[in-house]
Amino acid sequence: QVQLVESGGGLVQAGGSLRLSCVASGRTFSRLGMAWFRQAPGKQREQVASISAWRGGTTYYAASVTGRFTITRDNAQNTVSLEMNSLKPEDTAVYYCAAGSNWGPQSTYDYWGQGTQVTVSS
């Protein structure tokens, strides 16, 4: 079992930045593929970014966030982070941290955090 706790959400103006963090416990963190998803009201959950296990040598970004968001992991701190820059109102959503034995599409991930709200005002 893996427990995930997100933090760092909030309200920011368009063009601003936020950093989300997710602390994992319950399993060896370095073996977990990690990802961030988001879900806006009335929309399906979408994968924003993901990072492979171990050294995180492979990352994926949704086209809508490429060049603005960066996912990183710190295995010593059992933490995955999402640095979000140049935020847009359309980035407004609940952001979820997810973990799995591998990394890939949404079905890959077995464990989910409770979510943190990100609101970008225009």
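- The distance between the ring centers of Trp103 and Tyr60 does not fall below 6.0 angstrom.
- A distance-only check finds no donor-acceptor pair linking the side chain of Arg73 to the backbone of Gly33 [under 3.5 Å].
- Residues Leu18 and Leu87 have side chains in contact (heavy-atom distance under 4.5 Å, counting atoms from C-beta outward).
- Here the closest heavy-atom approach between residue Ala24 and residue Val2 is recorded as CB-CG1, 4.4 Å.
- With hydrogens and angles disregarded, a donor-acceptor distance shorter than 3.5 Å links the side chain of Tyr61 to the backbone of Ile71.
- Between Gln47 and Tyr109, some side-chain heavy-atom pair lies under the 4.5 Å cut-off.
- Here the side chains of Met34 and Ser50 are not in contact, with every heavy-atom distance at 4.5 Å or above.
- Neither Phe37 nor Met84 shares a network with the other; the hydrophobic side chains, linked directly or stepwise wherever heavy atoms of I, L, V, M, F, W or Y lie under 4.5 Å apart, form separate groups for each.
- Ring geometry for Phe69 against Tyr95 counts as tilted: the plane angle lies between 30° and 60°, on a 0 to 90° scale.
- For Arg45 and Tyr96, the positive end sits near the middle of the six-membered ring, less than 6.0 Å away and at most 45° from its axis.
- Between the Ser21 side chain and the Ser7 main chain, no donor and acceptor come within less than 3.5 Å of each other.
- Under a 3.5 Å cut-off, the side chain of Gln44 and the backbone N or O of Gln39 do not form any donor-acceptor pair.
- For the pair Arg31 (side chain) and Arg27 (backbone), a donor-acceptor distance under 3.5 Å is absent.
- There is a side-chain donor-acceptor pair under 3.5 Å between Asn85 and Ser17.
- Applying the disulfide bond (SG atoms under 2.5 Å apart) test to pairs two or more places apart or on separate chains, those with a residue in residues 81-122 are Cys22-Cys97.
- Leu32 CG to Ser101 OG: the interatomic distance, rounded to the nearest 0.5 Å, is 8.0 Å.
- A donor-acceptor distance shorter than 3.5 angstrom exists from the side chain of Asn75 to the backbone of Trp54, with no hydrogens or angles considered.
- Between Glu83 and Thr72 the shortest side-chain heavy-atom distance does not fall below 4.5 Å.
- Residue Ser52 comes nearest to Gly57 through the heavy atom pair OG-N, 3.3 Å, listed as atom of the first residue, atom of the second, then distance.
- Side chain of Thr79 to main chain of Gln77: a donor-acceptor pair is present (N/O by atom type, distance under 3.5 Å, no hydrogens or angles).
- Of the inter-residue distances, the one linking Glu46 atom CD with Gln106 atom CD reads 10.5 Å to the nearest 0.5 angstrom.
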